[in-house]
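Report on the following structure.
Keep in mind that the numbers below use all heavy atoms, side chains included, and drop hydrogens, waters and symmetry copies.
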Amino acid sequence: MGSISDFLNNMDWWGLLTLLISAAAALLCITLHELSHGFVAWRLGDPTAKNAGRLTLNPIRHLDVVGLLMMLVAKVGWAKPVPVDMRYFKHPRQGMALTALAGPAANFLTALAAVGVSSAVFHLAPLGPAAVFVLCFLSNMALLGVGMGLFNLIPLSPLDGSKILFALLPDRIYYTILRYEKYVMGVVILLVLVGVFDKPLSFLMVHVLQGFCTLTGMPLGGLLLFQDASAILNLF
């Protein structure tokens, strides 16, 4: 009984809460990303995602466990792909490119909104524990949204950037790449794990976030600082 008490007493509860906040922000980014794919495909004439129940804000329907862990660890990740049947599109490759672009676009818009709200909270709300946790959630949502948006624009199959790039390729090459894209995902995961994308993505993320901060009046340093609520709360 004493060991359980010691464990509970030594538990970093603020750090655990920060992790849960980050996970919630990641789930929201993933959900909006995949919902946007499905919604645009549906508007372009493809009911596949709608029929599969993927036009939903339920994060469980979109969750890929490995992709979520990558978002929490590496700040970049992915979700379970929304099913799309390009045969429904009037212009298949263009429709596929627009559907692919919708996910990263949703991430960037979500991140911009998060930075805007965080700026209002930062400048107007008293800086107590409640405001810290709100800012922690918003800063994580901004960082993860930008990271997910940029990562998915990398032109490697099956990431969204490949669908956009492939729309410019001849039909024979386009359909050949689509046939083998599921095998490339393992390579992409390996590249993430060994840190191939770390420096270029970090560079781009900082500059995109700086642009959002300039637009909204939120200090970039403050936005990055509030990622970890436990570190801020130790100052109280």
Side-chain angles (χ1 to χ4, degrees), residues 3-35 57-80 103 106-108 110-119 121-122 125-152 188-195 197-199 201-202 204-206 208-209 212-213 218-236:
S3 60
I4 295 177
S5 177
D6 291 341
F7 173 78
L8 293 175
N9 289 332
N10 293 322
M11 173 70 75
D12 181 7
W13 294 105
W14 294 126
L16 178 61
L17 189 54
T18 296
L19 178 62
L20 293 175
I21 290 172
S22 298
L27 284 173
L28 181 58
C29 290
I30 285 171
T31 300
L32 294 175
H33 180 101
E34 294 303 322
L35 176 60
L57 286 170
N58 179 0
I60 304 302
R61 300 303 301 269
H62 307 293
L63 181 63
D64 180 284
V65 175
V66 175
L68 177 63
L69 290 175
M70 287 294 100
M71 287 191 72
L72 295 176
V73 174
K75 304 304 181 187
V76 296
W78 54 87
K80 183 168 65 176
N107 288 137
F108 292 132
T110 300
L112 178 58
V115 176
V117 176
S118 69
S119 179
V121 174
F122 180 77
L127 192 59
V132 168
F133 285 122
V134 170
L135 287 167
C136 177
F137 175 76
L138 292 169
S139 62
N140 272 280
M141 192 160 64
L143 186 71
L144 292 170
V146 169
M148 188 174 186
L150 289 172
F151 177 72
N152 278 278
V188 172
I189 294 174
L190 179 62
L191 293 176
V192 170
L193 292 175
V194 300
F197 303 117
D198 287 358
K199 287 187 178 180
L201 281 177
S202 295
L204 291 172
M205 286 170 66
V206 168
V208 172
L209 286 170
F212 289 170
C213 287
M218 178 68 184
L220 177 62
L223 186 73
L224 298 177
L225 181 65
F226 280 104
Q227 287 177 70
D228 186 357
S230 60
I232 303 296
L233 289 169
N234 286 332
L235 301 176
F236 285 87

Drop me the distance from [X]'s [atom1] to [Y]'s [atom2], to the nearest 0.5 angstrom.
X      : Y      : atom1 : atom2 : value
Asn58  : Leu35  : CG    : CG    : 11.0 Å
Arg61  : Thr31  : CZ    : OG1   : 11.5 Å
Met218 : Leu224 : CE    : CG    : 9.0 Å
Asn107 : Met141 : CG    : CE    : 11.0 Å
Leu150 : Leu204 : CG    : CG    : 5.5 Å

[X] side chain near [Y] side chain, heavy-atom distance below 4.5 Å:
X      : Y      : value
Leu135 : Leu127 : yes
Leu220 : Val206 : yes
Ile30  : Pro59  : no
Leu57  : Leu32  : yes
Asn140 : Cys136 : yes

Give me the atom names and distance for the closest heavy-atom approach of [X] to [Y].
X      : Y      : result
Leu223 : Ser118 : CD1-OG, 3.8 Å
Thr18  : Gln227 : CG2-O, 3.6 Å
Cys29  : Gly145 : SG-N, 3.7 Å
Ala111 : Ala142 : CB-O, 3.5 Å
Pro126 : Ala131 : O-CB, 3.3 Å

*Pick one: which of Leu143, Val117, Ile21 meets side-chain contact (heavy atoms from CB on, under 4.5 Å) with Leu138?*
Val117
*Might you work through the side chain to side chain contact (heavy atoms under 4.5 Å, CB included) test for Phe212 and Val146, ending with a clear yes or no?*
CA-CA 10 Å; Phe212 289 170; Val146 169; 3.9 Å; yes
*Check whether any side-chain N or O of Ser119 sits under 3.5 Å from a backbone N or O of Val115 as a donor-acceptor pair, and report yes or no.*
no
*Verify, without hydrogens or angle tests, whether Ser202 (side chain) and Lys199 (backbone) share a donor-acceptor contact under 3.5 angstrom.*
no
*asked:* Holding to ring-ring contact (aromatic ring centres under 6.0 Å, His included), I want the full list of residues that pass it with His33, two or more places apart in sequence or in another chain.
replied: His37
